[in-house]
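Accompanying notes for the structure given below.
When a ligand or atom number is given, it counts from 1 through the structure's own listing order.
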Amino acid sequence: MTDPAIIIAVDGPAASGKGTLARRMAEHFGLRHIDSGKLYRATAWRVLRDGGDPNDSRLATRAARNLVENDLEAPELVDEIVGQAASRVATIPAVRAALVERQRALAVQPPGTIMDGRDIGTVVFPQADHKLFVTASLDCRAGRRWRELRDRGEDEDFDSVRRNLAERDERDTSRALAPLVPASDAVVIDTTDLDVEGALAAAIATIGFRDGMPAKTSELTVRQKP
Ligand code: C5P
């Protein structure tokens, strides 16, 4: 029998560094990385591209159920307007149901997956082997996002970037379904004063190992017995 897949959940607000951290951890451990935000962005982009309103639950649900691989590669997914629209489609229960099912199906292939998002440790994989909640101050996150946009040649002013992030935080933390909150058993990593290497070292330090790989929860439990 093959070993069941290792699942590591990495949640946190926009521009907290969770995506970079999840990708670097996946490279480090040879696990798959899945950015679940892309599914919400791709759903939102399909609605916007067809001239629809991201609050329209019928349109958004149809888009979520019919996503194809190509939708996940659209260059527009990184745009701020798509991020904002993603946080609107993300409040629609049928959209979440379709995307959560897809995330679960994608993640179970051995040796395992590191998935980043907002509700991975609380809803998608409450039984994940390791859970991190990555955060940083709003000013720090706004600065990172502003530099990213500037490097892509987009001329946004810092205050509007900061305002957009604050609005998205508010929508993500206050929605009724799967709000952004740390799982009770998540380890919180604040990246405000950490660079990527520092965040990676902090994350690796929180994880229990077996034979150089992140341990399954069951293995940790066994080892903790007297
Ligand atoms: O992570 P990213 O900024 O790409 O996510 C875009 C939006 O998608 C978030 O603001 C959030 O509303 C939604 N999302 C979510 N649950 C996830 C991942 C993203 O609700 N697991």
Side-chain angles (χ1 to χ4, degrees), residues 7-23 25-26 32-48 54-55 57 60-61 63-64 67 71-107 113-126 128 131-136 138 140-142 144-149 152 154 156 161-183 186 191:
I7 305 280
I8 302 182
V10 182
D11 289 305
S16 57
K18 66 183 186 314
T20 306
L21 178 61
R23 182 172 49 75
M25 287 172 74
R32 185 167 185 205
H33 170 224
I34 297 176
D35 166 4
S36 67
K38 258 193 176 186
L39 296 170
Y40 290 88
R41 285 174 179 264
T43 301
W45 173 237
R46 277 184 70 131
V47 173
L48 293 175
N55 295 307
S57 87
T61 304
L67 280 187
D71 293 325
L72 302 178
E73 304 309 326
E76 291 84 358
L77 297 196
V78 297
D79 292 351
E80 207 44 44
I81 188 171
V82 177
Q84 284 288 348
S87 72
R88 294 184 190 278
V89 301
T91 62
I92 301 169
V95 167
R96 299 203 74 85
L99 298 185
V100 166
E101 192 182 320
R102 204 172 171 119
Q103 289 165 68
R104 288 182 180 144
L106 284 171
T113 295
I114 305 194
M115 188 176 289
D116 72 83
R118 301 291 187 291
D119 60 340
I120 310 305
T122 50
V123 174
V124 184
F125 290 111
K131 297 182 187 179
L132 302 177
F133 189 88
V134 183
T135 188
L138 179 59
C140 167
R141 292 186 289 122
R144 284 177 189 160
R145 183 51 50 88
W146 179 82
R147 282 189 292 279
E148 243 172 67
L149 291 170
R152 288 211 306 264
E154 290 175 43
E156 282 274 353
V161 172
R162 189 180 189 280
R163 208 166 35 245
N164 277 340
L165 278 185
E167 255 178 49
R168 201 135 68 86
D169 284 355
E170 170 60 21
R171 210 174 292 125
D172 287 349
T173 51
S174 65
R175 69 181 174 221
L177 194 61
L180 171 67
V181 285
T191 66

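Given atom 18 (C) of ligand 1, the protein heavy atom at minimum distance is S36 OG, 3.4 Å. What sits closest to atom 12 (O) of ligand 1 on the protein, heavy atoms only, is D172 OD1, 2.6 Å. Here the heavy atom of the protein found nearest to atom 13 (C) of ligand 1 is A90 CB, 3.8 Å. Of the protein's heavy atoms, Y40 CB, 3.4 Å lies nearest to atom 8 (O) of ligand 1. In terms of protein heavy-atom proximity, atom 16 (N) of ligand 1 is closest to R96 NH2, 3.1 Å. In terms of protein heavy-atom proximity, atom 6 (C) of ligand 1 is nearest to R168 NH1, 3.5 Å. Annotation: atom 4 (O) of ligand 1 to nearest protein heavy atom, R41 NE, 2.6 Å.
When only interatomic distances are considered, the shortest N/O to N/O separation between D35 and ligand 1 does not fall below 3.5 Å. Checked against a 3.5 angstrom limit, the closest N/O atoms of Q103 and ligand 1 fall outside it. Polar contact check, R118 against ligand 1: a nitrogen or oxygen pair lies under 3.5 Å apart.
By the 4.0 Å heavy-atom criterion, R171 is excluded from the residues contacting ligand 1. For R175, the closest heavy-atom approach to ligand 1 falls below 4.0 Å.
Residue G117 approaches ligand 1 through these ligand atoms, each under 4.0 Å from one of its heavy atoms: 18 (C), 21 (N).
Two residues are said to be in side-chain contact when any heavy atoms from C-beta on lie closer than 4.5 Å; I120 and K18 fail this criterion.
Here the shortest heavy-atom pairing between T135 and S16 reads CA-CB, 3.9 Å.
Between the side chains of R144 and T20, not a single donor N or O lies within less than 3.5 Å of an accepting N or O.
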